[in-house]
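This report refers to the structure that appears directly beneath it.
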Amino acid sequence: MAYHIDSKHNMCMADVIIASKYRGRGYGKAGLLLLCEQAKDNGMDSIYDDIAIDNTAVGLFIKCGFTEEYRTEEIIMLKKQLV
């Protein structure tokens, strides 16, 4: 779990990778919520992630309070307002 500032789009982007053998155990949700809390504590007002259109992780982000900003043929851009 990490986040970075995407200078091209001037937005805080989440980086979430869970090894396949650990998926489905709740680590993703716990980590994503902690990541959002840390980003907020560091002064970020929102956090985004662009997820491949066919990636089931979209459901995880929605459960953690993210909403769909837009989608293309390749990605779904998700956003969570932190403040």
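If you read the sequence from its start, that first residue is 1, and numbering goes on from there. Computation of the quantities below employed the complete heavy-atom set of this structure, encompassing side-chain atoms and omitting hydrogens, waters and symmetry-equivalent molecules.
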Close side-chain approach of [X] to [Y], heavy-atom, < 4.5 Å:
{"X": "I51", "Y": "M77", "result": "no"}
{"X": "D6", "Y": "Y48", "result": "no"}
{"X": "V83", "Y": "D45", "result": "yes"}

State which residues pass side chain to side chain donor-acceptor pair (under 3.5 Å) with N10; sequence neighbours excluded, sorted by chain then number. none
For Q81, the side chain to side chain donor-acceptor pair (under 3.5 Å) test, sequence neighbours excluded, returns K79
Distance (rounded to the nearest 0.5 Å) between [X] [atom1] and [Y] [atom2]:
{"X": "L60", "Y": "F66", "atom1": "CG", "atom2": "CZ", "value": "8.5 Å"}
{"X": "I76", "Y": "D49", "atom1": "CD1", "atom2": "CG", "value": "11.0 Å"}
{"X": "Y22", "Y": "S20", "atom1": "OH", "atom2": "OG", "value": "10.0 Å"}
{"X": "L78", "Y": "Y70", "atom1": "CG", "atom2": "OH", "value": "10.0 Å"}
{"X": "L32", "Y": "I47", "atom1": "CG", "atom2": "CD1", "value": "7.0 Å"}
{"X": "D50", "Y": "H9", "atom1": "CG", "atom2": "NE2", "value": "9.0 Å"}

Residues in salt bridge (Lys or Arg N to Asp or Glu O under 4.0 Å) with R71, at least two apart? E68
Identify the heavy atoms of A14 and L35 that sit nearest to each other, and give their distance. CB-CD2, 4.0 Å
For S46 and C12, the nearest pair of non-hydrogen atoms, with its separation, is O-CB, 3.5 Å
Quick one: do H4 and D15 satisfy side chain to side chain contact (heavy atoms under 4.5 Å, CB included)? Show the steps, please. CA-CA 8 Å; H4 69 277; D15 298 311; 2.9 Å; yes
ILVMFWY network linking [X] to [Y], side-chain heavy atoms under 4.5 angstrom:
{"X": "F61", "Y": "Y27", "answer": "yes"}
{"X": "M11", "Y": "I75", "answer": "yes"}
{"X": "M13", "Y": "I62", "answer": "no"}
{"X": "V16", "Y": "V58", "answer": "yes"}

Using modelled atom types and a 3.5 Å cut-off, is there a donor and acceptor pairing between side-chain atoms of K80 and backbone atoms of C64? yes
Give a yes-or-no answer on whether the side chains of N42 and Y3 include a donor-acceptor pair shorter than 3.5 Å. yes
